[in-house]
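These figures come from a predicted structure and were not determined experimentally.
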Amino acid sequence: MASPVAADSGRPFDRRVYAMVAHIPPGQLATYGQVAEMIGAWGCARQVGWALRRLPLPSAVPWHRVVNAQGRIAMSPGREGSDWMQRELLLAEGIAVAPDGSLPLARHRWHPPAALLPLAASSCTKD
DNA sequence: CCCCTGACCCTAA
DNA sequence: GTTAGGGCCAGGG
């Protein structure tokens with residue numbers, strides 16, 4: 001498999017999310033809403049979070065580079081500690097993540113190339 | 001079909 | 001700077 005994108009995802013939406021996240025360079029960050037907009041799924045930030053939740057770990061997809069718009073790691077009991085794993089991975093890439101999950105989002109914000117901008121709007125689940 | 005929940009976001013206080 | 005409320009979309013009971 002030449003692509004880092006997991007092929008075991010049944011939903012087209014999930015694959016779009018993973019493919020986009022795979023473009024985020026090391027040491028840089030994107031928000032859920034940002035990823036949603038980049039695949040043309042405006043307003044579907046929550047679905048992006050769902051897609052990442054369905055992602056089997058470990059994964060070649062750099063899921064840890066996606067945080068919420070508040071500049072904090074999305075902590076939730078349902079994640080079974082993957083949120084803390086995310087903090088460790090970001091620290092390893094040189095991003096100063098505070099113990100409470102807050103981080104300097106503005107300093108590490110990813111600026112995607114125009115080639116990745118959405119060509120058309122898409123639904124959250126459909127292509 | 002109704003209700004609740006979720007790795008969200010924006011605005012207002 | 002942080003917290004609270006309402007809105008958003010899709011899944012599951």
For atom [atom1] of [X] and atom [atom2] of [N], their distance in whole Å:
X: A:Ile39; N: C:dC9; atom1: CD1; atom2: P; value: 15 Å
X: A:Tyr32; N: B:dC10; atom1: OH; atom2: C1'; value: 17 Å
X: A:Gln34; N: B:dC10; atom1: CD; atom2: C1'; value: 16 Å
X: A:Gln70; N: B:dC10; atom1: CD; atom2: P; value: 10 Å
X: A:Leu52; N: B:dC8; atom1: CG; atom2: P; value: 10 Å
X: A:Leu57; N: B:dA7; atom1: CG; atom2: P; value: 14 Å
X: A:Arg46; N: B:dT5; atom1: CZ; atom2: P; value: 12 Å
X: A:Asn68; N: B:dG6; atom1: CG; atom2: P; value: 16 Å

Item checked: Minimum side-chain heavy-atom gap A:Trp50-A:Asp14 below 4.5 Å ->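 Not touching, per the 4.5 Å side-chain cut-off.
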From the set [options], return the single nucleotide nearest to any side-chain atom of [X].
X: A:Arg79; options: C:dG11, C:dG7, B:dA7; result: B:dA7
X: A:Arg11; options: C:dA10, B:dA7, C:dG11; result: C:dG11
X: A:Ala74; options: B:dC8, B:dG6, B:dC9; result: B:dC8
X: A:Ser82; options: C:dA10, B:dC8, B:dA7; result: B:dA7

TODO: Please check if the side chain of A:Arg11 supplies one atom and the backbone of A:Cys124 the other of a donor-acceptor pair under 3.5 Å.
DONE: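 Absent.
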Next on the checklist: Quick check: on DNA chain C, is the nucleotide nearest A:Ser123 upstream (toward 5') of the one nearest A:Ser102, or the reverse? Name the residue that is more 5'.
Outcome noted: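 Its nucleotide being nearer the 5' end, the pick is A:Ser102.
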Item checked: Residue whose closest nucleotide on DNA chain C lies nearer the 5' end, A:Asp100 versus A:Gly43 ->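 With A:Asp100 and A:Gly43 compared, the 5'-side residue is A:Asp100.
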Is the CZ atom of A:Arg107 crowded by more than 12 outside heavy atoms at less than 6.0 Å?
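No, because the 6.0 Å sphere around CZ of A:Arg107 holds 12 heavy atoms or fewer from other groups.
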**OP:** Flag yes if more than 12 heavy atoms outside A:Arg53 fall under 6.0 Å of its CZ atom; otherwise flag no.
**Re:**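 At most 12 heavy atoms, drawn from other residues, nucleotides or ligands, come within 6.0 Å of this atom.
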### Query
DNA chain B: A:Ala45 or A:Trp50, which has the more 5' nearest nucleotide?
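Nearer the 5' end of the strand: A:Trp50.
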Are A:Val61 and A:Leu90 linked, directly or through intermediate hydrophobic residues, by side-chain heavy-atom contacts shorter than 4.5 Å (ILVMFWY only)?
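No; A:Val61 is not reachable from A:Leu90 via cluster members.
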- Checking all strands, does A:Asp83 fall into the base, sugar-phosphate, or nothing category for heavy-atom contacts under 4.0 angstrom?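 Answer is nothing: A:Asp83 stays at 4.0 Å or more from every strand.
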Next on the checklist: Between C:dG13 and B:dA7, how far apart are the two C1' atoms, rounded to whole Å?
Outcome noted: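 Going atom to atom, C1' in each nucleotide, I get 22 Å.
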